[in-house]
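Inspection log for the structure reproduced underneath, given as structure tokens.
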Amino acid sequence: MTKPPQKRQKKRRWTPEEDNKLKHFKTEYPNLPWGEIIELAKLDRDGKSCSERWNNHLKSDFNKEKFSPQEDECIIYLRRHDVGWASMVTFFPGRSYNDVKNRGYQLKKRHAPISDSVRDDLQALMADLASLITNVDPNAISSDDQTSDHSIRGDDLEASTSGSADLIPNHGPNATRSIPGPTS
DNA sequence: AACTAGTCCAACCGCCTTGAG
DNA sequence: TCTCAAGGCGGTTGGACTAGT
């Protein structure tokens with residue numbers, strides 16, 4: 001007997017009221033498991049949903065400005081070097097995990113190019129970071145990006161997503177480096 | 001003004017890891 | 001050692017919004 005595929009839940013946006021409840025109880029009891037926060041706040045959500053909402057929207061004041069070209073190129077470059085989304089977020093203080101990930105998928109669709117200057121900056125940045133991290137594969141930061149047009153194709157990103165370890169674990173404030181944001 | 005296509009982004013899903021009992 | 005729940009992560013979906021016609 002094969003189980004029929006679960007019907008996907010209709011999307012329910014978080015209301016300001018739900019946000020407030022979640023924020024209140026999570027701030028008040030930061031160590032409480034989500035299940036108990038849900039009970040206290042009387043939220044009709046599951047733990048994962050709450051965790052996601054908290055981490056991507058409520059935890060801090062996330063930067064909701066458009067991604068700058070430098071940030072875009074940084075994402076492409078890091079992705080190419082098998083840096084996972086979660087690790088990548090450390091390069092973008094103020095951005096949420098979901099924002100970075102969404103941007104990454106957008107760029108993947110567009111086959112966005114990487115400029116020479118940004119590539120060089122990022123190589124230096126990653127070498128810098130690698131020196132802070134002991135368990136890093138030095139080959140992962142070698143200058144292997146000397147392709148003719150420095151453009152990245154969708155399948156490049158595709159390949160880079162398969163089963164390799166994250167390059168940049170979060171090692172505290174020292175490991176967090178920022179990429180130039182939008183200049184307005 | 002109305003319709004359509006494309007884009008953006010929040011929310012959902014499934015798999016995996018981790019830690020407690 | 002095993003089981004189970006919680007949470008992290010990567011990937012996908014779909015509703016809202018916007019630009020073009």
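Every heavy atom of this structure was used, including side-chain atoms; hydrogens, water molecules and symmetry mates were not. Reminder, nothing fancy here: chain letters follow the sequence lines and each chain counts from 1.
Of the candidate nucleotides B/dC12, C/dG10, C/dG8, B/dC12 has the atom lying nearest to any side-chain atom of A/E52.
The stretch residues 30-38 of chain A touches DNA chain C through A/P33, A/W34, each having a heavy atom within less than 4.0 Å of the strand. A heavy atom lying under 4.0 Å from DNA chain C marks the following residues of residues 40-49 of chain A, by number: A/K48.
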Please tabulate, one pair per line, each protein N/O and nucleotide N/O from nucleotides 4-10 of chain B that are separated by under 3.5 Å, including the distance.
from: B/dC8; atom 1: OP1; to: A/R110; atom 2: NH2; distance (Å): 2.9
from: B/dC8; atom 1: OP2; to: A/Q106; atom 2: OE1; distance (Å): 3.2
from: B/dC8; atom 1: OP2; to: A/R110; atom 2: NH2; distance (Å): 2.8
from: B/dA10; atom 1: OP2; to: A/D99; atom 2: OD1; distance (Å): 3.4
from: B/dA10; atom 1: N7; to: A/N102; atom 2: ND2; distance (Å): 3.1
from: B/dA10; atom 1: N6; to: A/N102; atom 2: OD1; distance (Å): 3.1
from: B/dA10; atom 1: N1; to: A/K11; atom 2: NZ; distance (Å): 3.4
from: B/dA10; atom 1: N3; to: A/K11; atom 2: NZ; distance (Å): 3.1

Polar atom pairs (N or O), protein with nucleotides 19-21 of chain B, under 3.5 Å:
none

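A/Y97 and A/I76 fall within a single hydrophobic cluster, where Ile, Leu, Val, Met, Phe, Trp and Tyr are joined by side-chain heavy atoms under 4.5 Å apart, directly or via other members. If you chain together hydrophobic residues whose side chains sit under 4.5 Å apart, A/F67 and A/Y105 fall into the same group.
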Please tabulate, one pair per line, all N/O donor-acceptor pairs under 3.5 Å involving side-chain atoms of residues 22-33 of chain A, not counting sequence neighbours.
from: A/K26; atom 1: NZ; to: A/P30; atom 2: O; distance (Å): 3.0
from: A/T27; atom 1: OG1; to: A/K23; atom 2: O; distance (Å): 2.5

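Below the 3.5 angstrom threshold, one finds a donor paired with an acceptor across the side chain of A/K101 and the base of C/dG11. In terms of polar N and O atoms assigned as donor or acceptor, the side chain of A/Y105 never comes within less than 3.5 Å of the base of C/dG10 in a complementary pairing.
Rounded to whole Å, atom P of C/dT12 lies 12 Å from atom OH of A/Y97. The distance between atom CG of A/N55 and atom P of B/dA11, rounded to the nearest whole Å, is 13 Å. One can place CG of A/L78 at 16 Å from C1' of C/dG10, the figure rounded to the nearest angstrom.
Taking the salt bridge (charged side-chain N to carboxylate O under 4.0 Å, His left out) definition, one finds that A/E52 meets it with nothing, sequence neighbours left out. Partners of A/K10 by salt bridge (charged side-chain N to carboxylate O under 4.0 Å, His left out), not counting sequence neighbours: none found. With sequence neighbours excluded, the residues forming a side chain to side chain contact (heavy atoms under 4.5 Å, CB included) with A/N102 are A/N98, listed by chain and number. With sequence neighbours excluded, no residue satisfies salt bridge (charged side-chain N to carboxylate O under 4.0 Å, His left out) with A/D61. Every residue meeting the side chain to side chain contact (heavy atoms under 4.5 Å, CB included) condition with A/D19, not counting sequence neighbours, appears here in chain and number order: A/W14, A/R53, A/L58.
Between the axis at the start and the axis at the end of the helix from B/dA2-C/dT21 to B/dG21-C/dC2 there is an angle of 10°, using five pairs per end and rounding to 10 degrees.
Regarding contacts with the backbone of C/dG8, a side-chain N or O of A/S51 is found under 4.0 angstrom from either OP1 or OP2.
A/N63 is not listed as a side-chain neighbour of A/F92, based on a closest heavy-atom distance of 4.5 Å or more. The shortest distance between side-chain heavy atoms of A/W85 and A/R79 falls below 4.5 Å. You'll find the side chain of A/C50 stays beyond 4.5 Å of the side chain of A/I37, heavy atoms only.
Screening residues 33-48 of chain A for side-chain hydrogen bond (donor to acceptor under 3.5 Å, both in side chains) gives A/E18-A/R45 as the qualifying pairs, with residues at least two apart or on separate chains.
Not a single donor-acceptor pair under 3.5 Å links the side chain of A/R95 to the backbone N or O of A/V89.
Scanning both residues, A/K64 and A/S96, for their nearest heavy atoms gives NZ-OG, 4.5 Å. Counting all heavy atoms, side chain and backbone alike, A/M88 lies closest to A/V100 at SD-CG1, 3.8 Å. Nearest heavy atom pair, residue A/T90 against residue A/S87, reads OG1-O, 2.6 Å.
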